[in-house]
Structures are given as structure tokens and as C-alpha cells.
S.K.: 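Provided herewith is a single structure, encoded as C-alpha cells, for subsequent inquiry.
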Amino acid sequence: MRHLIVDRIVWLLAAAWLGAVLLFGWAATRQPPDVPASAERAEPAAGPTGESLFGQHCARCHTLAEAAAGLRESPDLEAEAAALREFLRRHYGPSAEGNALIVNHLVESLAR
Amino acid sequence: MAGPAAPGSLCRVSLLLRGIFWFGLYVALTLLPLAVALWERPWEAPRPVLVEISVAVGLLALPLMVFQFALVTRLAASSRPFGSDALIQFHARMGVVALAAVLVHPLLLAGHGVGIAAWNPFGGPWLLQSGAIALWAAVAISVTSIFRRPLRLGYEAWQLLHLVFAIVLVAAMAAHILAVRGYSGQPLMHGLVLAYSGLAVLLLLRYRVVRPLLLWRRPWTLVENRDVGGSTRLLRLRPVGHAGFAFEPGQFAWLATGTSPLWSEQHPISMASAAEGEGDTLEFGIKALGDWSGQVVPALQPGARLWVDGPFGAFTPERKPAQGYVLIAGGIGISPMRSILKTLREREDARPVLLFYAAWDRSRMAFIDELEALQAQLNFVIIPVLESPPTGWPGERGYVTAEVLRRHLPRQYRRFQFFVCGPVPMMDALEKILVELGVPAAAVQTERFDMV
């Protein structure tokens, strides 16, 4: 009755993979133990720039002009920038600080 | 009556170890992308957990789909421990798991800016378009497989569609993962995705080109094609320019007729001849059930060229010790039983064998005269079970039920091996009945060729 054994193995594997996926979710969102929270917060200023973060997270699908179009056309730049930061948060941007850097980079691009 | 000492116990251990190895390798390789992703972890700060879970599901889906090829492309080394029918069933179940993974991946991203537009395979950035193509290819594979009969899709057309969709799916999946350039932007993951894609290509080339070419160089010729009753033809083949192959009684091979195995469809057919004592010839029992078996096979003339890819399958008494055998056959399920019986006769095996042979009436029982003659040469009894017996029939009638089995099984039947081959409803029913009768589940072997 190998087909019954096969069915059981499939259920077991599916459960194991579900566990592996959840474990991955937990492990990938865990702060590395050797990075203090303060160092993490300081990282965007010391490391990546808005331009590099935009290149890493946004440029695959959006040009700079496209991404900044909303800011350019909005009568209230501050409100639009806040909305963009919120969008990036939902759109799995790098971090709150990283999102702010990206938005600043877009705002700066308007002046060029 | 004790039989020969457990034949091939070393072989059984070797098969078990090989099974553990291949299964372990399968699990390890499906999880490898997740381990590599965690190892390389390119993000400066953690991303939302649903995003990471979605990515993990996507990274799991790729190896799942790639190894779907490995399960059904007749890799003898990996199929021998499990049996090809078990691998095909595993392939079908895993297809559903892989489809679930492919669907869950974008759904989990829906709350993170990846909307319904990402499901459009005809437009948008390549990053999203490739993912959408993979998704719809997975849906198409599942729909055409699960609903092949309601869709009135012929087996050959389905096989072609299945292959084309599978190629599109794996290619689009790999393209999508590489286009995301998240985890796959890292060198090790990038290489791993390319390696898995390359493996899929190699498996496909081996299955569709290399293996048929090798088969082409090892043709067989038809020696005899005769009617053996029950709308069944017996084909007797002899190898041409090579030594043929050894097999275990009850196994099957893929048979191709036509001008070349490169483009001829292949059919899984059980060997009906003894595994020993018949030289290098092979016999196959083929019942007229469709276009190929009903029209092409009866028209084959002696001298015709055929190609035989085998042996495959684990429906064989060779792998487990037994004090006796109970064979239960319906329809063309008698073919592997004939192979088992003739092999036992060649070995002068003295263990008891019972054959419950179910059919509508005697005229539909293939090989019946020959099997009855075997009763004088083996410790063997046939119990015909007829649905439409003639008037005055003294034997069993109806189906092979628990009562029929109880009337004939010897007292020590729980130490026997049971082999069941026939229509799927019959096999399903008998599996339940045998367990109810106290037969250990591990002692019940079935052979299922109902692929889709």
C-alpha cells in the first residue's frame, strides 16, 4: 500500500516545509545579536545613502522621475512625502530610516 | 511449508539505504535555497515577516518544481528503491504543493504593495511579469492535469501541454527570482538559482533526447503476436544486437512502437514473462483499451521493431520475505501475476500461491488456460471470481470480497505477501478489506498506472 505511505509522506513534507518557511521568516527578521539597537539606528546615516537605497529597492521597477512624480505634482510636499514614507513601509522598504533617506533623495531630485 | 531463505536480504538493505539517501537528498536540496538566503542575508535591517515568509515560499517553489522533473524522467537509480508508480503519485501530490507555494507567494505580498497588477502576465516590469507567467503556467499545469478527462484532453496532447507548461514555469520562475535581485542578488544564491535551472534543462535533455537516442541503438524485434483471450495480445520480443536486460518478476517497462523512440509515444506495460529461464526474450500482455492497444498493437507483425525502456517498478515479490503469496488480479492486472507465477515455477519454489482472478466471465480472462496448466507445476491454486458466471457455476461469483477471501485463504495468510493489480476501485476496496482481515499494510503491494 505504497500509495498510502506516499500520501502520508507528502503531508509530513508539507508540514516540514511550512515549519521551515515560518522558521525562515523568524530568522530573517531577527536582529543579529551582535548589532546593538543603537548601532542599527545609526546605520543609515553612516552607511547607505538615499541614492543607493533607491537603487537597491526601487530602481528595478521605477525610474527616479516616475517615483518622484507624485511629489512633483503634489501641492503639499510634506504631506506627500509622509504618504510616500508610509507607502514604502507597507511596500517593504529597507527600514524607517532607510525609507526617509529614499524620500529625501526623491525630494532632492526635484531640485535638479 | 518454509520457502527459500529470504532472497536478497542484502539487496533489500541496499535498496532501503538508497531510498533514505535519495529522499534525504531531495529534502536537503529543496531547503538549500532557504539556508543560502539566510546565510547571505543582504538586508541592512529586518523586513516585515510576511515579506520574508513570502520570499521563503517562493524560494521553496523553485526546487520543488525542478525536482518534479527528476521524479518522472525515469532516473533508474532513484526510482528503483521506491517504484515508478509511487514516484509518479508523489510527483502529482507535490505538484499541488508547488502550486500552493506559487499562489501563496504573491498573496502574502498583497499587503505590501504587490497588488493584482502583479498577476498580469502580459505587461508590467519584467520582474512582475515573469512571476505572473510562472503563476499562470502552474495553474495551467494543475487544471489540465486534474481536469484532463472533463476537458476531453487526449493523453498525448496532455503530455505535450504538461511538458511545455512545465518548461515555461521553471524558466519564468528562475527569471523572476533572478530579476528580483534581493537574495538572488548575492553570488551564492544567484549561482544556486542558475544551477537549479541548469539541472532542469539537463534532466529534460536526458529524458527527451539522450535516453531515446540510447534506446534507438538497442532495438527489439517482435517474434510473436498472438491473442491470449480477454481482448489481450501477447507480444514476444527479442533484443537485436544487444543482450536485453534482467528484471524482477512483476516489474514493467515503457514500450514504444513506430519509427523511432525519439518521437513515438511510450506506454507502461508489465512484463508477463518469467524473469528467469526464458533467455533474453520478453513477453508483454496488452489489453485493447485505447487507440494504441486496440489498433496499433494487434496490427504489429513479426519482425516489427520496438523499443523497450526498463525495467521499472517495485511490484515484485523479490524485496520482502514471505511464507507464501496471494495474487489478486482484475483485467490486465493478470500480466505481472503471470510473470510472478512463471518465475516461481522456474525456481521450483514450493511456497503456496493463491490467485484470485476477477473477470466478467471466463471469456474475458486472459491467459486462463495457461494459468490453469500451471496449477500442476506449482503449489498453486486459482480462484476465479466471475461477475457473470454461466448457469450452474460452482465457483465464486461477484467481486473479490472479504467473504470470498476468508473462504480460501490458508490459516497462516497473515505471513503471506499480497499483490493486487486491477482497476483502481478494486484495488482501493481490497486494500481496506485486507487490512480488516489483519494483513499488515506493508504486506500489501498494489500497482497503479492511473497517472492522470
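Throughout, a chain's letter reflects where its sequence line sits, starting with A, and its residues are numbered from 1. Atom set for the values below is all heavy atoms of this structure, side chains included, hydrogens, waters and symmetry mates excluded.
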S.K.: Of all of T446(B), L31(B), L34(B), which one pairs up most often with chain A through heavy atoms under 4.5 Å apart?
M.R.: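 Winner by heavy-atom pair count: L34(B).
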S.K.: Please classify the contact of S54(B) with chain A as side chain, backbone, both or neither, using a heavy-atom distance under 4.5 Å.
M.R.: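 When you check distances to chain A, no heavy atom of S54(B) falls under 4.5 Å.
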S.K.: Counting only heavy atoms from other residues, nucleotides and ligands, does the tally under 6.0 Å from CD of E51(A) exceed 12?
M.R.: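 Count not over threshold, so no.
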S.K.: Among L22(A), L4(A), I5(A), L13(A), which residue has the highest count of heavy-atom pairs closer than 4.5 Å to chain B?
M.R.: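 Of the options given, most contacts go to L13(A).
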S.K.: Is the distance from the ring center of F90(B) to that of F82(B) below 6.0 Å?
M.R.: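 No, ring centres 6.0 Å or more apart.
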S.K.: Indicate whether any N or O donor in one side chain lies under 3.5 Å from an N or O acceptor in the other, for Q89(B) and D7(A).
M.R.: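 Side chains of Q89(B) and D7(A): pair found under 3.5 Å.
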S.K.: Go through V97(B), L434(B), D85(B) and name the one with the most non-hydrogen pairs under 4.5 angstrom from chain A.
M.R.: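 Most heavy-atom pairs under 4.5 Å with chain A: D85(B).
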S.K.: Can you confirm if the aromatic rings of Y26(B) and F21(B) lie within a centre distance of less than 6.0 Å?
M.R.: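 When the ring centroids of F21(B) and Y26(B) are compared, they turn out to be at least 6.0 Å apart.
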S.K.: Under a 4.5 Å heavy-atom cut-off, does chain A meet the side chain of L38(B), its backbone, both or neither?
M.R.: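 Both parts, backbone and side chain.
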S.K.: So for F418(B), is it side chain, backbone, both, or neither that comes closer than 4.5 Å to the heavy atoms of chain A?
M.R.: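 When you check distances to chain A, no heavy atom of F418(B) falls under 4.5 Å.
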S.K.: With only heavy atoms counted, which part of V96(B) is less than 4.5 Å from chain A, the side chain, the backbone, both or neither?
M.R.: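 No part of it gets close to chain A.
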S.K.: Regarding E431(B) and R448(B), does a basic nitrogen lie under 4.0 Å from an acidic carboxylate oxygen?
M.R.: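 Salt bridge flag = yes for R448(B) with E431(B).
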S.K.: Given a strict heavy-atom distance threshold of 4.5 Å, which part of L60(B) is in contact with chain A: side chain, backbone, both, or neither?
M.R.: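 The side chain, not the backbone.
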S.K.: Heavy-atom distance under 4.5 Å to chain A: side chain of F419(B), backbone, both or neither?
M.R.: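 Answer is neither: F419(B) stays 4.5 Å or more from chain A.
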S.K.: Do side-chain atoms of H176(B) reach the backbone of L127(B) as a donor and acceptor pair under 3.5 angstrom?
M.R.: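 Checked: pair present.
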S.K.: Distance to the ring centre below 6.0 angstrom and angle to the axis at most 45 degrees; does that hold for R18(B) and W22(B)?
M.R.: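 So R18(B) doesn't make the cation-pi contact.
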S.K.: So for L23(A), is it side chain, backbone, both, or neither that comes closer than 4.5 Å to the heavy atoms of chain B?
M.R.: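 Nothing of L23(A), per the 4.5 Å heavy-atom cut-off to chain B.
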